[in-house]
Number of protein chains: 2
Amino acid sequence: MVYDDSAKPSVTVDMVVFTIIEGKLNVLLMKRGVEPSKGKWALPGGFVNIDEKLDDAAKRELFQETGVKDIYLEQLYTFGDPHRDSRGRVITVAHFALINLEKQKQELKATNHSVDAKWHQIDNLPELAFDHKKIFEYGLKRLRWKFEYSTVPYSLLGDKFTMSQIQKVYEIVLNKKFDKRNFAKKILTLGILKKEEIKKDVSHRPPRLYSLKIPIGEIIETI
Amino acid sequence: MVYDDSAKPSVTVDMVVFTIIEGKLNVLLMKRGVEPSKGKWALPGGFVNIDEKLDDAAKRELFQETGVKDIYLEQLYTFGDPHRDSRGRVITVAHFALINLEKQKQELKATNHSVDAKWHQIDNLPELAFDHKKIFEYGLKRLRWKFEYSTVPYSLLGDKFTMSQIQKVYEIVLNKKFDKRNFAKKILTLGILKKEEIKKDVSHRPPRLYSLKIPIGEIIETI
DNA sequence: GCAAAAGTGTTCAATGTACACCCATGC
DNA sequence: GCATGGGTGTACATTGAACACTTTTGC
């Protein structure tokens, strides 16, 4: 070891996990069962193991706490104010994640992990522990930024989707409406969608399904 | 303390510091005086003190090692691969910095700090220690991104500058040429420059000086 | 008067925005 | 046949890109 261990900060990961539920943008929060801030809501997260990559730590914590896996995850920012945590010096590497709840449903039901984890609509959040409000806001800003400049929005959708499903996701996250002709034009000229079959069994004109040509997150590199 | 200190990673800050020298983009490197990688070049950086903010640690290390201060600094990314440093688990919070060397000149000369610090042209870098090549490349990407979408380019200029000085800085960093009519039009329509006086004593048509209306870094928030 | 860099406008292409009607299905 | 959401094109404004000549100064 390089210097006196007692002078070392602790390192945690925290996650701002977004999903869409019933047409609303939601973020995952945990009710804290221990001090400090016992009973308050906080972002999911925990300590990084000594031999573990940062994003592996984030995925492990999220799975342990909620049973959720197979998510889109990227690093957000590192918060290291000396007094952000009353337990001592705790530096947290915040991450940003998106999940499609439909794909996870069995998972969530099959485990008991989610007892103190709950989705909250972002326009109606409780008070958050530590500096988690700031971290959440940073995550929300990143989310909206990503919707302008990347393919990550598709991680909120299934493998195949209709144009109006894409549009709804954008409208929910960016909190504004789009003209559907212009929206379709813009999305299609990006050239990232592959035409799939026409969806059947709907009580209106059957829509075309699309899928992604390229992996999620590939179009513009995170900066 | 929260858990066994021996299982704690160490936390460092590293910096990718850019400047322009003689029309070329340069990055600051330190020759390592101790193992591991003794004799190799590395990004400036060091351990974070227990009661110190991350960006304060970055500024302190940079000042200790080079005598440089008053720089533009922002957090870049946190690199935490368990095997990135042979000394053990070392998580580094990388930062990105820009300095105007003209403003620093007295400083650099007045101190002895710079003995093993040296500016290197970015198209002619030596082999770097640890994963610093990756960190450098991430910093360069961020630098170019910032030139498209923010006012940070002005941190490479003095308080007053001519349009062609701005253009040169952009051309050096982005490594391409611009048409001066289009360039001036684009910069001026951003509305961030204030007209200053006309520069005198040049052996050609005297240019107008400009200054920044708003603080550096304000136009677009870092994401 | 000449060398050096400064300053300045128009045309064209591409992109973004506003806007409305018909279509295919289930019931 | 009607309710539901799906699909599509044109006109206009804005933005970005190409392009060349005149101006002001020091020497």
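Each chain gets a letter, A, B and so on, in the order its sequence line appears, and its residues count up from 1.
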### Message
Heavy atoms within less than 4.0 Å of DNA chain D: which residues of residues 160-172 of chain B have one? Give them sorted by number.
### Response
none
### Task
Could you tell me whether B:Asp55 and B:Lys53 have a side-chain N and a carboxylate O separated by less than 4.0 Å?
no
### Message
Check the orientation of B:Phe79 and B:Tyr138. Use parallel for under 30°, tilted for 30 to 60°, and perpendicular for over 60°.
### Response
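Plane angle over 60°, so perpendicular.
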### Query
Hey, are the side chains of A:Lys146 and A:Tyr72 touching, using non-hydrogen atoms and a 4.5 Å cut-off?
yes
### Message
Is there a side-chain contact between B:Leu193 and B:Ile166 in this structure, where contact means two heavy atoms from C-beta onward sitting under 4.5 Å apart?
### Response
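Yes, at least one pair of side-chain atoms sits under 4.5 Å.
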### Query
Nearest 0.5 Å, what's the CD-OG1 distance between B:Glu61 and B:Thr12?
9.0 Å
### Message
Let me confirm one number: the CG-CD1 distance from B:Asn175 to B:Ile122, rounded to the nearest 0.5 Å.
### Response
7.5 Å
#### Entry: Over 12 foreign heavy atoms within 6.0 Å of CG, B:Asp123
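Check passes, neighbour count above 12.
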## Note on the structure
The residue, B:Ile198 or A:Arg181, whose nearest nucleotide of DNA chain C is more 5′ is B:Ile198
### Test salt bridge (Lys or Arg N to Asp or Glu O under 4.0 Å) applied to B:Lys133 - qualifying residues, sequence neighbours left out
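Salt bridge (Lys or Arg N to Asp or Glu O under 4.0 Å) list for B:Lys133, sorted by chain: B:Glu137.
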### Message
If the condition is salt bridge (Lys or Arg N to Asp or Glu O under 4.0 Å), which residues does B:Glu197 pass it with, not counting sequence neighbours?
### Response
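B:Lys160.
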Atom-to-atom span, [atom1] of [X] to [atom2] of [N] - whole angstrom:
X: B:Phe183; N: C:dT8; atom1: CZ; atom2: C1'; value: 16 Å
X: B:Leu209; N: C:dA5; atom1: CG; atom2: P; value: 16 Å
X: B:Leu188; N: C:dG7; atom1: CG; atom2: C1'; value: 11 Å

#### Entry: side-chain contact (heavy atoms from CB on, under 4.5 Å) between B:Leu140 and B:Leu25, worked out
CA-CA 10 Å; B:Leu140 181 59; B:Leu25 187 59; 3.9 Å; yes
### Message
By the 4.0 Å heavy-atom rule, please label A:Lys186 as base, sugar-phosphate, or nothing.
### Response
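Result for A:Lys186 = nothing.
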For nucleotides 22-27 of chain C, which of its nitrogen or oxygen atoms have a protein nitrogen or oxygen under 3.5 Å away, and what is each distance?
unit_1 : atom_1 : unit_2   : atom_2 : d
C:dC23 : O4'    : A:Arg205 : NH1    : 3.2
C:dA24 : N3     : A:Arg205 : N      : 2.8
C:dT25 : O2     : A:Ser203 : O      : 3.3
C:dT25 : O2     : A:His204 : N      : 3.3

#### Entry: chain B footprint on DNA chain D, 5' to 3' - any atom under 4.0 Å from a heavy atom
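The contacted stretch runs from D:dA17 to D:dG26.
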### Task
Determine the sole option in B:Lys177, B:Lys176, B:Lys24 for which the salt bridge (Lys or Arg N to Asp or Glu O under 4.0 Å) test with B:Glu171 is passed.
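Answer after filtering B:Lys177, B:Lys176, B:Lys24: B:Lys177.
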### Derivation and outcome, side-chain contact (heavy atoms from CB on, under 4.5 Å), residues B:Phe147 and B:Val169
CA-CA 10 Å; B:Phe147 264 64; B:Val169 166; 3.6 Å; yes
### Query
For the rings on B:Tyr154 and B:Phe161, is their centre-to-centre separation under 6.0 Å?
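They qualify: ring centres under 6.0 Å apart.
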Report all interatomic pairs (protein N or O, nucleotide N or O of nucleotides 10-15 of chain C) with separations under 3.5 Å.
unit_1 : atom_1 : unit_2   : atom_2 : d
C:dT10 : O4     : B:Lys185 : NZ     : 3.0

